[in-house]
Asks: 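My structure is below; once you've seen it, I'll send some questions.
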There are 2 protein chains.
Amino acid sequence: MTTRSKHSSGEDRKLAKTLKESKAPAISRAAAVLRLLGKSETPLGLQAIVRELGLVPSTCLYVLRALVAEEFVAFDPDTKRYSLEAGVLTLARHWLRRNQFTDLVQPELDRLSQAFDVTMLGVNIVGLDHMIVVAVSQSGNNFQLSAQIGSRFPALISATGRCLAAFGGYSEDELEERFNALRWDDPPTLEDWKGQVEQTRAQGFGVDKGNYISGVTVVAAPVWKTRGHPGHPGHAVVATGIGSAMKRNGLPQLQKALLSTARTLTQQLGGESL
Amino acid sequence: MTTRSKHSSGEDRKLAKTLKESKAPAISRAAAVLRLLGKSETPLGLQAIVRELGLVPSTCLYVLRALVAEEFVAFDPDTKRYSLEAGVLTLARHWLRRNQFTDLVQPELDRLSQAFDVTMLGVNIVGLDHMIVVAVSQSGNNFQLSAQIGSRFPALISATGRCLAAFGGYSEDELEERFNALRWDDPPTLEDWKGQVEQTRAQGFGVDKGNYISGVTVVAAPVWKTRGHPGHPGHAVVATGIGSAMKRNGLPQLQKALLSTARTLTQQLGGESL
DNA sequence: ACACCTTATTCAATATATAGAATACTATTC
DNA sequence: GAATAGTATTCTATATATTGAATAAGGTGT
């Protein structure tokens, strides 16, 4: 690469790094294109994609053609614009069919969101990178806290992040590096955060009081997929709501209920796999 | 490729062809792997994937590692098995957000499934290859006809296929070749089918009386996304139900309602894009 | 505990996917 | 309507992704 891109958008920095390491760079490019098309409000032309991701036009064109052939991307020959195609639904359907966690959490989320008037989430923890919301239940009374199935968050953020830091078995250094990359509404200091992680380890669940989103309290409890709890927790059950309202409705009770639900789920998942 | 695979499963034939043509074969491989993992009831090891798809182990390993890095595939280090990861949900969510057809059809599907006691589908027609179910409404009274969001079908099958054949503007030869590859419960002859396609063109909707699935009648009407109807229809509204029951409940009325709904949707979609 | 078989992973040679320039096409401005 | 600017696409040399063999790791049965 001779000429440095004008505005290396952070995203394309990460992409560039992945490309060098990988033995299948076309796949990283394809993933980047798919995510970009997902984010975009409108269909995009080749040039727009190239600019945003810092790719070579010809290469990008081949990637797009392959994705069109695989029915993951739709191409409008008139406007020469690309967008996501319905093919991505097929993969999601298959994932949902095979996933026992979603089936098991859903009724629990419904129960808890009703009982405590909060928004409940079930999330998959993919690794140190991201967690993904896989199930949602809204209480209906409170106004809609925007969190949809499929949403991705940085793994160490908010209450769930404290759980992962506490139980993931990662090194201090690694956690610190990742912590520094996080974006919060009201960031805790590293010291504060480490204390909260320690507390999470002690009490078995994590709490975020307005750090991630001002005024919003988040409580999360980890769920493992194997009985002996090796490695990091694979899932979490999460409750979110307006801080003041949650205090009124009994935060301690909610925390207890959440913890008990998470433990039950861990048992159910673990039993399945033995 | 020196040694011919023992059981070239038809799927891997198609894959092999795509690989030769494409300038980004890694993407075709990745797509094949994702679809295989989707179909599979259990997580798969490298060897199993290699065998099924006719790939080279080392290459396949690199593909899998890239897909794991992109969070589309989950890897269990203990069992060394691969499965779909929740990341695929994220793409599906984005597709659903941006898609106006799904939003527009859903209430119509609900209305019609109630009124006629049938299972209603909204489908995307990707091209001559596949159509994909993107919205469903069950009447609840009849037993569940299995059709889920994300399901893929060959584009020319059943009633929707007759619509595509009638209005897609494809050549006789191309249609005939594709027709011969279709699998029906009770296949029509090519002559019969051509007649039915002709009729579909005349009346504006297609009907399948037990050809695709014995005893099940399917009615489909095409929906275009542009006002002037160039190219092939992008979507269809589909009604399915037990043949005898549909006759009892008034097939002509259903056909009329379906056609009118499809026309309204075409107008709404067309108006949007002008 | 050993040998055997299966499966995963690394490694080095080469076929080829990729980058960059050249070309064709489309839209816009004067 | 010609000229211009922007975009998509083709073309070709070369860096590298892919291959097939070699190695390592894991599991199974005796």
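Each chain gets a letter, A, B and so on, in the order its sequence line appears, and its residues count up from 1.
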Asks: Quick one: side chain to side chain donor-acceptor pair (under 3.5 Å) partners of A/R29, sequence neighbours excluded?
Replies: none

Asks: Give the B/S/- string for nucleotides 3-19 of chain D, one per nucleotide from 5' to 3', where a protein heavy atom under 4.0 Å of the base yields B, of only the sugar-phosphate yields S, and otherwise -.
Replies: ----SSBBB-----SBB

Asks: Show every salt bridge (charged side-chain N to carboxylate O under 4.0 Å, His left out) that has at least one partner inside residues 80-90 of chain B, sequence neighbours left out.
Replies: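 Matches after skipping sequence neighbours: none remain.
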
Asks: Sequence neighbours left out, cut at 3.5 Å: what donor-acceptor pairs do the side chains of residues 156-168 of chain B make with other protein atoms?
Replies:
residue: B/R162; atom: NE; partner: B/Q196; partner atom: OE1; Å: 2.8
residue: B/R162; atom: NH1; partner: B/S158; partner atom: O; Å: 3.3
residue: B/R162; atom: NH1; partner: B/V207; partner atom: O; Å: 3.3
residue: B/R162; atom: NH1; partner: B/D208; partner atom: OD2; Å: 3.0
residue: B/R162; atom: NH2; partner: B/Q196; partner atom: OE1; Å: 2.9
residue: B/R162; atom: NH2; partner: B/N211; partner atom: OD1; Å: 3.0

Asks: Could you work out, with ring pair (Phe, Tyr, Trp, His ring centres under 6.0 Å) as the rule, every residue matching B/Y170, not counting sequence neighbours?
Replies: none

Asks: Which residue pairs pass the ring pair (Phe, Tyr, Trp, His ring centres under 6.0 Å) test when at least one of the two sits in residues 48-89 of chain B, sequence neighbours left out?
Replies: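 Passing the test, one end in residues 48-89 of chain B: B/F75-B/Y82.
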
